[in-house]
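Numbers for residues simply follow the sequence, beginning at 1.
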Amino acid sequence: MYDNKLATISEVSKLLGLSPSTLRRMEVEGELTRYGLTVIYTPGGQRRYLFNPTRHLYSQQGFSAPLAFGQRPALLIRDLTIGFCTAESQLCVQLDDQLNAARTLIETFAAQGHPVIFSRTVYDPAHAFSALWGEKFPAMRILEAESHWIRKHEALANYVYDLELSTHYVSDLKASKLEAFLDRNRIDTVVLAGVTTSGSIRTNAIDLFQSGRRTVIPSEAVADRTRPLQDFTLLDLNSRYAEVTTLSRTLAELA
């Protein structure tokens, strides 16, 4: 099993000292994350277990402890715009129910008087970094300032935001008024939603953490180009820089 071979439930049961019924109860969406195992279901309905070295590294090495909410949260939504949310775009990410998750977060934060911030990426060939980003990742060039691609997705267009940002950078803390806004409102916790998990969400999580703020990422509210890329990035962020959690747990913390 430890060289990526499939193992039977009896083999895993003996190895971990757990009964087969306990193993089955521990499965969550095809994973035994505590032990770094992915569950493979055969056509006959039997279980096979695949050891995931990356997941095992972060789940077994004791790298991570829970990160609780602070006292003054804010919601930061990044790039849930037409450019990232429609199939016709070169930048389209894999969306499930992220837009509805973002709507739920917006409405909850607004109802409780917590700030809601919307940020979008804008491409400018005259801006040094933006031009370089467009050279490395040409699809970014569609996000010009006058383009319809940078408009909010219609699902989010009618909400009132406490702060709106347009940025040429991956991070919303870079050369912007965001940090001053967070300082002024004494924000100690930032909940992140939007895209992309491996790009701006990751960079924002690290930068916000470095600024001394708790960073929370509801997994249902973020997206990336592929599910494996999303899963790996969230696993890594949760191990070091952020609290990756569920939408329901995030809402419970706000209650």
Side-chain angles (χ1 to χ4, degrees), residues 74-96 98-99 102 106 115-184 187 190-211 213 215 217 221-230 232-234 236-237 241-242:
L75 173 64
L76 172 59
I77 300 170
R78 175 68 183 252
D79 278 331
L80 286 181
T81 56
I82 295 173
F84 287 94
C85 298
T86 57
E88 295 79 11
S89 170
Q90 304 170 56
L91 294 170
C92 185
V93 297
Q94 182 176 327
L95 287 176
D96 297 313
Q98 286 88 346
L99 291 166
I106 291 169
V116 179
I117 304 154
F118 190 94
S119 174
R120 77 195 81 211
T121 305
V122 176
Y123 171 74
D124 179 1
H127 184 275
F129 172 71
S130 190
L132 194 60
W133 198 4
E135 182 179 339
K136 180 65 178 176
F137 188 27
M140 297 296 299
R141 297 174 186 171
I142 71 170
L143 301 177
E144 291 186 314
E146 302 303 320
S147 169
H148 77 285
W149 298 114
I150 68 167
R151 296 176 188 167
K152 298 184 194 79
H153 189 277
E154 61 181 10
L156 308 181
N158 294 325
Y159 290 104
V160 175
Y161 298 91
D162 297 277
L163 177 66
E164 292 198 37
L165 302 169
S166 294
T167 181
H168 303 308
Y169 294 102
V170 187
S171 170
D172 283 295
L173 289 181
K174 174 74 172 175
S176 83
K177 52 188 177 182
L178 176 60
E179 189 153 23
F181 177 88
L182 298 176
D183 287 342
R184 187 166 60 251
I187 300 301
V190 179
V191 176
L192 295 176
V195 299
T196 59
T197 311
S198 58
S200 293
I201 298 299
R202 176 183 173 82
T203 307
N204 276 331
I206 295 171
D207 284 358
L208 287 162
F209 195 52
Q210 290 184 118
S211 76
R213 294 179 173 89
T215 309
I217 306 174
V222 292
D224 214 312
R225 295 185 298 281
T226 67
R227 176 61 62 185
L229 181 60
Q230 163 124 331
F232 175 82
T233 304
L234 290 179
D236 182 55
L237 283 172
Y241 307 115

Novice: Rounded at 0.5 Å granularity, tell me how far CD1 in Ile77 sits from OG in Ser119.
Specialist: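 These two atoms lie 10.5 Å from each other.
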Novice: Are side-chain heavy atoms of Val170 and Trp133 found at a separation under 4.5 Å?
Specialist: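 Touching, per the 4.5 Å side-chain cut-off.
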Novice: Checking side chain to side chain donor-acceptor pair (under 3.5 Å) for the pair Asp224/Ser198: CA distance, chi angles, key distance, verdict?
Specialist: CA-CA 7 Å; Asp224 214 312; Ser198 58; 2.6 Å; yes
Novice: Please determine whether side-chain contact (heavy atoms from CB on, under 4.5 Å) holds for the pair Thr215 and Asn204, giving the CA-CA distance in whole Å, both sets of side-chain angles, and the decisive distance to 0.1 Å.
Specialist: CA-CA 9 Å; Thr215 309; Asn204 276 331; over 6 Å; no
Novice: Taking it one step at a time, do Thr167 and Asp172 satisfy side chain to side chain donor-acceptor pair (under 3.5 Å)?
Specialist: CA-CA 7 Å; Thr167 181; Asp172 283 295; 5.0 Å; no
Novice: Test side-chain contact (heavy atoms from CB on, under 4.5 Å) on Tyr161 and Leu156 and set out the steps.
Specialist: CA-CA 10 Å; Tyr161 298 91; Leu156 308 181; 3.5 Å; yes
Novice: On the 0 to 90° scale, with breaks at 30° and 60°, tag the His168-His127 ring pair as parallel, tilted or perpendicular.
Specialist: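 Tilted: the ring planes of His168 and His127 meet at 30° to 60°.
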Novice: How close do Leu234 and Thr197 get, heavy atom to heavy atom, and via which atoms?
Specialist: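 Taking Leu234 first and Thr197 second, the nearest heavy atoms are CD2-CG2, 3.5 Å.
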Novice: Which heavy atom of Ile142 sits nearest a heavy atom of Trp149, and at what distance?
Specialist: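 That would be O-CD1, 3.3 Å.
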Novice: Heavy atoms, side chains only, cut-off 4.5 Å: are Pro115 and Phe181 in contact?
Specialist: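 Pro115 vs Phe181: side chains touch.
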Novice: Give, for atom CD of Gln230 and atom CG of Asp96, the distance between the pair rounded to the nearest 0.5 Å.
Specialist: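 Separation between the atoms: 8.5 Å.
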Novice: Could you grab the distance from atom SG of Cys85 to atom CZ of Arg151, nearest 0.5 Å is fine?
Specialist: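 The CZ atom of Arg151 is 14.5 Å from SG of Cys85, to the nearest 0.5 Å.
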Novice: Considering residues, nucleotides and ligands other than Glu135, do more than 12 of their heavy atoms fall under 6.0 Å from its CD?
Specialist: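 12 or below, so no.
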Novice: Ser130 and Asp124: side-chain donor and acceptor closer than 3.5 Å?
Specialist: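 No, because no side-chain N or O of Ser130 sits under 3.5 Å from a partner of the opposite role on Asp124.
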Novice: Taking all non-hydrogen atoms of both residues, which atom of Arg225 and which atom of Gln94 are closest, and how far apart?
Specialist: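 Residues Arg225 and Gln94, closest heavy atoms: O-CB, 3.9 Å.
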Novice: Please check this pair: side chain of Glu164 against backbone of Phe118, looking for a donor-acceptor N/O pair closer than 3.5 Å.
Specialist: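 A pair under 3.5 Å: no.
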Novice: Using side-chain contact (heavy atoms from CB on, under 4.5 Å), reason through Leu91 and Leu143 one step at a time and then give a plain yes or no.
Specialist: CA-CA 10 Å; Leu91 294 170; Leu143 301 177; 3.7 Å; yes
Novice: Take atom CG of Asp183 as the centre, draw a 6.0 Å sphere, and report whether it contains more than 12 heavy atoms from other residues, nucleotides or ligands.
Specialist: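 Yes, enclosed.
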Novice: Can you tell me if Gln90 uses its side chain to pair, donor with acceptor, with the backbone of Arg141 under 3.5 Å?
Specialist: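 Looks like no, no N/O pair under 3.5 Å.
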Novice: So Thr81 and Arg120, side chain to side chain donor-acceptor pair (under 3.5 Å) or not? Walk me through it.
Specialist: CA-CA 7 Å; Thr81 56; Arg120 77 195 81 211; over 6 Å; no
Novice: Roughly how far, to the nearest 0.5 Å, is OG1 of Thr86 from NE2 of His153?
Specialist: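 Going from the NE2 atom of His153 to the OG1 atom of Thr86 covers 7.5 Å.
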Novice: Roughly how far, to the nearest 0.5 Å, is CD1 of Ile117 from CG of Leu178?
Specialist: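 CD1 of Ile117 is found 5.0 Å from CG of Leu178.
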Novice: Mark yes or no for whether Thr226, through its side chain, and Leu229, through its backbone, hold a donor-acceptor pair below 3.5 Å.
Specialist: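 Pair found, side chain donor or acceptor close to backbone of Leu229.
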Novice: Rounded to the nearest 0.5 Å, what separation is found between the OH atom of Tyr169 and the OG1 atom of Thr203?
Specialist: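 Nearest 0.5 Å value for the OH-OG1 distance: 13.5 Å.
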Novice: Does this structure show an ion pair linking Asp207 with Lys174, if we count only N-O contacts that are shorter than 4.0 Å?
Specialist: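 Here Asp207 does not pair with Lys174 in a salt bridge, since their nearest N and O are not under 4.0 Å apart.
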Novice: Where is the tightest heavy-atom contact between Arg78 and Thr121, given as atom of each residue plus distance?
Specialist: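 Smallest heavy-atom distance, with atoms named: NH2-OG1, 2.7 Å.
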Novice: Heavy atoms only: give me the nearest Val195-Ser200 pair and the separation to one decimal.
Specialist: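 The pair with the smallest heavy-atom distance is O-CB, 3.9 Å.
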Novice: With a 4.5 Å cut-off on side-chain heavy atoms, are Ile106 and Leu75 touching?
Specialist: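 Yes, side chains in contact.
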Novice: For the residue pair Ala242 and Ala205, what are the closest heavy atoms and their distance?
Specialist: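 For Ala242 and Ala205, the tightest heavy-atom pair comes out as CB-CB, 4.4 Å.
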Novice: Please determine whether side-chain contact (heavy atoms from CB on, under 4.5 Å) holds for the pair Leu208 and Leu173, giving the CA-CA distance in whole Å, both sets of side-chain angles, and the decisive distance to 0.1 Å.
Specialist: CA-CA 8 Å; Leu208 287 162; Leu173 289 181; 4.0 Å; yes
